[in-house]
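Written below as structure tokens is the structure these notes are about.
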Amino acid sequence: MEIVENKEIEIFTTEMVFEQLYETAFPVVAKFISKMNGSFQDARDIFQDALVIYYERSNNPGTHIRTTPEAYILGIAKNLWIRKFNRNRKHISLDSFEASITIPEDFFPSLKSKLILQFLETTGKKCMDLLHGFYYDNLTIREIREVFGYRNEHSATVQKYKCLEKVRDTIKEKSRIYEDFID
């Protein structure tokens, strides 16, 4: 019967120690985690883990704690929070990532752009490359002559004109008018 009473006294004493630690150490841990952008629930979870670690180490005969229980628990809680924070920093929620993505208005080609591209494609690869170089890459006629190997600038200009004429002819064949391509 005496052993049972000692166990009850030990449990009662441990319970009182935990209550005392909740009153003294939890507010400090909660304040730290709040400063580190943690929630109240995070503080409760971290404190519980720290309390379990403290209890296990304090009951280990080979471990000697040289500081107050509150300071020891705060140190454990800081280490646990930093470890959790570093782990969570590598992961972001898909919702927040998706919200940060913006698609430019001109990302999807409009119907007019598709039509123009189709007409340009009928001119052939060489004309497409030449027109792309002139209008999109902003190459000068001199640069076009060098890149495409024309004898002189006049030949490059004539070839550019012929490519544009091919596009115009294709548009005429398909019964399109200029206004179809203007906003």
Side-chain angles (χ1 to χ4, degrees), residues 25-53 73-183:
F26 180 71
V28 178
V29 170
K31 186 176 179 180
F32 169 76
I33 291 178
S34 175
K35 281 184 186 177
M36 300 296 288
N37 297 323
S39 67
F40 183 72
Q41 184 61 41
D42 290 331
R44 288 176 41 187
D45 293 343
I46 294 292
F47 185 76
Q48 285 289 331
D49 293 344
L51 204 56
V52 168
I53 291 170
I73 289 173
L74 179 62
I76 293 170
K78 283 182 177 182
N79 286 326
L80 290 173
W81 177 254
I82 290 169
R83 202 176 297 152
K84 179 181 179 179
F85 181 77
N86 286 335
R87 218 177 311 122
N88 289 346
R89 185 174 52 166
K90 296 175 187 172
H91 305 289
I92 60 171
S93 71
L94 288 177
D95 294 335
S96 63
F97 180 70
E98 185 178 23
S100 69
I101 297 174
T102 57
I103 298 175
E105 290 180 25
D106 62 343
F107 181 74
F108 297 105
S110 66
L111 180 60
K112 293 174 186 176
S113 298
K114 288 180 184 177
L115 282 172
I116 292 172
L117 187 59
Q118 286 174 350
F119 290 128
L120 286 172
E121 287 174 346
T122 62
T123 63
K125 179 159 175 40
K126 189 171 182 178
C127 278
M128 278 282 289
D129 292 341
L130 187 143
L131 294 172
H132 186 274
F134 186 78
Y135 290 106
Y136 291 104
D137 296 336
N138 296 320
L139 298 177
T140 64
I141 291 294
R142 176 175 286 153
E143 293 169 327
I144 287 176
R145 179 186 62 80
E146 292 170 5
V147 170
F148 292 99
Y150 295 110
R151 280 189 237 156
N152 54 44
E153 292 174 19
H154 179 70
S155 297
T157 304
V158 168
Q159 187 59 44
K160 184 184 102 155
Y161 177 77
K162 286 181 178 180
C163 290
L164 288 173
E165 281 301 309
K166 282 183 185 178
V167 173
R168 286 186 191 112
D169 290 343
T170 307
I171 290 172
K172 286 178 187 174
E173 286 175 17
K174 302 290 182 180
S175 299
R176 293 288 180 177
I177 57 173
Y178 179 72
E179 285 75 24
D180 290 342
F181 301 100
I182 299 178
D183 289 330

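Just so it is clear, the model here is predicted, and its values are computed rather than measured.
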Test salt bridge (Lys or Arg N to Asp or Glu O under 4.0 Å) applied to Glu165 and Arg168, step by step:
CA-CA 5 Å; Glu165 281 301 309; Arg168 286 186 191 112; 2.7 Å; yes

Heavy-atom side-chain contact between [X] and [Y] under 4.5 Å:
X	Y	answer
Arg44	Ser39	no
Met36	Asp42	no
Tyr136	Leu131	no
Tyr150	Leu130	yes

Might you point out which heavy atoms bring [X] and [Y] nearest each other, and give the distance in Å?
X	Y	answer
Thr123	Cys163	CG2-O, 3.9 Å
Lys166	Cys127	NZ-SG, 4.0 Å
Ile33	Ala43	CD1-CA, 3.6 Å
Trp81	Asn37	CZ2-C, 4.5 Å
Lys84	Ile46	CD-CD1, 4.4 Å
Ala50	Ala77	CB-N, 4.0 Å

Could you tell me the separation between the [atom1] atom of [X] and the [atom2] atom of [Y], rounded to the nearest 0.5 Å?
X	Y	atom1	atom2	answer
Lys78	Ile73	NZ	CD1	14.0 Å
Ile144	Glu153	CD1	CD	10.5 Å
Leu164	Asp169	CG	CG	11.0 Å
Lys160	Tyr135	NZ	OH	4.0 Å

Given the ring of Phe148, does Lys126 sit roughly above its face, with NZ or CZ under 6.0 Å from the centre of the six-membered ring and within 45° of the axis?
no

Please check if the side chain of Glu143 supplies one atom and the backbone of Thr140 the other of a donor-acceptor pair under 3.5 Å.
yes

Test your reading of the model: is there a side-chain donor-acceptor pair from Asp137 to the backbone of Leu139, 3.5 Å cut-off?
no

How about Phe40 and Phe26: are their ring centroids closer than 6.0 Å?
yes

